Number of protein chains: 2
Amino acid sequence: MALSHSILATLIGRGKSLSGYDLAKEFNSSVGFYWKTTHQQIYRELARLEKEGMVTSEVVKQKDRPDKKIYNITDTGKVHLIGWIAEPSIPTPIKEDMLVKMYVGFLVPKDILIKELQQLKDLHEEKLRLFREYEKIYFSDVKNMPVKGKYRYLNLRTGINFELFHIRWCEEAIEFLNNEFE
Amino acid sequence: MALSHSILATLIGRGKSLSGYDLAKEFNSSVGFYWKTTHQQIYRELARLEKEGMVTSEVVKQKDRPDKKIYNITDTGKVHLIGWIAEPSIPTPIKEDMLVKMYVGFLVPKDILIKELQQLKDLHEEKLRLFREYEKIYFSDVKNMPVKGKYRYLNLRTGINFELFHIRWCEEAIEFLNNEFE
DNA sequence: TCACACTATGCAACAAGTTGAATATTATAC
DNA sequence: GTATAATATTCAACTTGTTGCATAGTGTGA
């Protein structure tokens, strides 16, 4: 399972203690484009990681806002994470609603599909703009960045390519629907 | 949820009754690249779909092999599926192990990452070859195909683009690791 | 001051997905 | 004749992911 690994990775990646709330924000911001989840799952997972000795927690009292519990990765957690990195990855299969819809696209007027593809394309273009902006602001001088930053740039590049793939796919599908169908 | 929709779609798409076993094969063959699952989940989902009146089943006695239960989509099922198609799709977020690994790539020697990326690339290239072969055999004359076939071709194209995206990503990452890191 | 947004954590229930095994028949290869 | 692969279905247990709700304090704008 990779959520636990994502949590450990974020704890190391950010280089400081984070609360469940911090982690949730991280996972759902533009930065955390590589993993999506809910805060409930994160809290549940953190409790388990603590039970397994992968992280330790500490309550921090706050005056201006509710108290929080911040987490640190342990040596056990770090060893576990490094071991996981070296395991071979298997390709993630596609599970895309739009593909299922397309498979039975003949059941509805093609305009419906075109409209949906256009909507999907818009959403991906918005995301792409965000990533590109992020690239411009934080990664204009990658060559001179510390290693950590370079790895983060690699990830951002993937996010950009991922969006480009989806945009191209939507365009190809729309064009195909317009030209090949009457 | 889209597994139930995938099952209904496959039942319509194939235009004939299928058993749970047939469906499982379909979902895990090169054709069913748009959705992956296990036979257990399919059997469970079929039972539920039947309870909800989306499909009907019928036991077929066989002499040469174990008896089977074949499923048909009902009008209710078809209406439900068409309704679902018209609902707007939301982009599928990335959940890719390799991205998490890359995020903390600085924890291991870069050779480990390069090796993994190479392995991943090989797997995607194999899949791409399969899809391209499939394209050549079944879709050489798309313009003159029935509508159903055209939609299936659209899906195959997406599969091809998906593999190309992953291959390009792996290449970019390997190159980056080789050039930008010392 | 009232509503709303933000910070912060957690429970409960459910839906979806995975893993392992049991059962039974027939076909094929060694 | 023996092992194995393929056909065919199902149960049980578990993990992962989602949805809704509860609680509780602070900050901000209308």
Side-chain angles (χ1 to χ4, degrees), chain A residues 1-8 17-29 32 34-52 54-71 80 84 87 90-97 100, chain B residues 1-8 17-29 32 34-52 54-55 57-71 80 84 90-97 100:
Chain A
M1 184 241 179
L3 174 59
S4 62
H5 298 119
S6 291
I7 290 174
L8 295 176
S17 314
L18 296 171
S19 65
Y21 192 83
D22 294 333
L23 283 161
K25 260 200 302 183
E26 195 84 8
F27 278 107
N28 291 296
S29 69
Y34 62 87
W35 204 265
K36 295 275 166 204
T37 188
T38 54
H39 71 274
Q40 287 88 343
Q41 226 193 315
I42 287 170
Y43 285 121
R44 191 214 265 155
E45 204 61 31
L46 279 170
R48 188 161 68 186
L49 283 170
E50 191 171 17
K51 215 173 75 186
E52 286 170 353
M54 304 287 178
V55 297
T56 51
S57 70
E58 177 187 352
V59 176
V60 177
K61 299 234 175 231
Q62 293 186 121
K63 278 174 205 155
D64 50 339
R65 34 191 80 175
D67 295 350
K68 63 177 177 179
K69 226 164 148 182
I70 55 166
Y71 290 87
H80 177 77
W84 174 73
E87 281 171 27
I90 49 158
T92 310
I94 328 181
K95 278 195 183 179
E96 182 89 35
D97 281 12
V100 181
Chain B
M1 183 242 179
L3 174 57
S4 62
H5 299 119
S6 290
I7 290 174
L8 295 177
S17 314
L18 296 171
S19 66
Y21 192 82
D22 295 332
L23 283 161
K25 259 200 303 183
E26 197 83 7
F27 278 107
N28 291 295
S29 68
Y34 62 87
W35 204 264
K36 296 275 167 205
T37 188
T38 55
H39 69 275
Q40 288 88 341
Q41 226 194 316
I42 288 170
Y43 284 119
R44 190 214 269 154
E45 203 62 30
L46 279 170
R48 188 162 66 184
L49 284 170
E50 191 171 16
K51 218 173 71 185
E52 287 171 353
M54 303 287 178
V55 298
S57 72
E58 170 187 2
V59 176
V60 176
K61 299 233 174 231
Q62 293 186 121
K63 278 173 203 156
D64 51 339
R65 36 192 79 173
D67 296 349
K68 65 177 175 179
K69 225 163 147 183
I70 55 167
Y71 289 87
H80 178 76
W84 174 74
I90 48 156
T92 311
I94 327 180
K95 277 195 184 179
E96 182 88 34
D97 281 12
V100 181

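Computed from a prediction, not measured in an experiment: that's the story for all the values here. Proteins come first, then strands; the chains are lettered A, B, ... in the order of their sequence lines, and each starts at number 1.
- Rounded to an integer number of Å, the gap from Leu49(A) CG to dT15(D) P is 14 Å.
- A distance of 9.0 Å separates OG in Ser19(B) from OH in Tyr71(B), rounded to the nearest 0.5 Å.
- To the nearest 0.5 Å, atoms CG (Leu3(A)) and CZ (Phe27(A)) are separated by 6.0 Å.
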Determine, stepwise, if the pair Val100(A) / Trp84(B) fulfils side-chain contact (heavy atoms from CB on, under 4.5 Å). CA-CA 10 Å; Val100(A) 181; Trp84(B) 174 74; 3.8 Å; yes
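- The heavy-atom pair separating Glu50(A) from Thr56(A) by the smallest distance is OE2-C, 4.2 Å.
- When distances run from any side-chain atom of Lys95(B) to the nucleotides dT18(C), dT16(D), dG17(D), the shortest one goes to dG17(D).
- For Gln41(B), the side-chain atoms get nearest to dG17(C) when compared with the rest of dG10(C), dG20(C), dG17(C).
- With dT9(D), dG17(D), dT9(C) as the choices, the nucleotide that has an atom nearest any side-chain atom of Lys69(A) turns out to be dT9(C).
- Nearest to the side chain of Pro66(B), among dA24(C), dG20(C), dA13(C), sits dA24(C).
- Atom-to-atom, NZ of Lys36(B) to P of dT18(C) comes out at 12 Å; the value is rounded to the nearest Å.
- Going from atom CD of Glu45(B) over to atom P of dT9(D) covers 16 Å, rounded to whole Å.
- Rounded to whole Å, the distance from CD1 on Ile7(A) to C1' on dG17(D) is 13 Å.
- Which of dT9(C), dT19(D), dA21(C) sits closest to the side chain of His39(B) comes down to dA21(C).
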Working note: Thr92(B) + Asp97(A), criterion side-chain contact (heavy atoms from CB on, under 4.5 Å); need CA distance, chi angles, decisive distance, verdict. CA-CA 8 Å; Thr92(B) 311; Asp97(A) 281 12; 5.9 Å; no
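- Atom CG of Asn28(B) and atom P of dT7(D) are 13 Å apart (whole Å).
- Atoms CG (Asp67(A)) and P (dT23(D)) sit 19 Å apart, rounded to a whole Å.
- An OP1 or OP2 oxygen of dA8(C) is reached within less than 4.0 angstrom by a side-chain nitrogen or oxygen of Gln62(A).
- Applying the 4.0 Å criterion to OP1 and OP2 of dT7(C), one finds that Ser19(A) has every side-chain N and O outside that range.
- Here dT18(C) is the nucleotide among dA15(C), dC11(C), dT18(C) with the atom lying nearest to any side-chain atom of Thr37(B).
- Between dG17(D), dG10(C), dA15(C), one nucleotide has an atom nearer to the side chain of Trp35(A) than all others, and that is dG17(D).
- When rounded to the nearest whole Å, the span between CG of Leu3(A) and C1' of dG17(C) equals 15 Å.
- Closest to the side chain of Tyr21(A), from the set dT7(C), dG20(D), dG17(C), is dT7(C).
- Two residues, Asp22(B) and Gln40(B), neighbour DNA chain D, and the one matched to the more 5' nucleotide by heavy-atom proximity is Asp22(B).
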Show your reasoning for whether side-chain contact (heavy atoms from CB on, under 4.5 Å) applies to Ile7(B) and Val55(B). CA-CA 10 Å; Ile7(B) 290 174; Val55(B) 298; 5.5 Å; no
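- Nearest-nucleotide positions on DNA chain C place Lys68(A) closer to the 5' end than the other of Lys68(A) and Arg44(B).
- Going from atom CD1 of Ile42(B) over to atom C1' of dA15(C) covers 17 Å, rounded to whole Å.
- When the nucleotides dT15(D), dT7(C), dG10(C) are ranked by their closest atom to the side chain of Tyr43(A), dG10(C) comes out on top.
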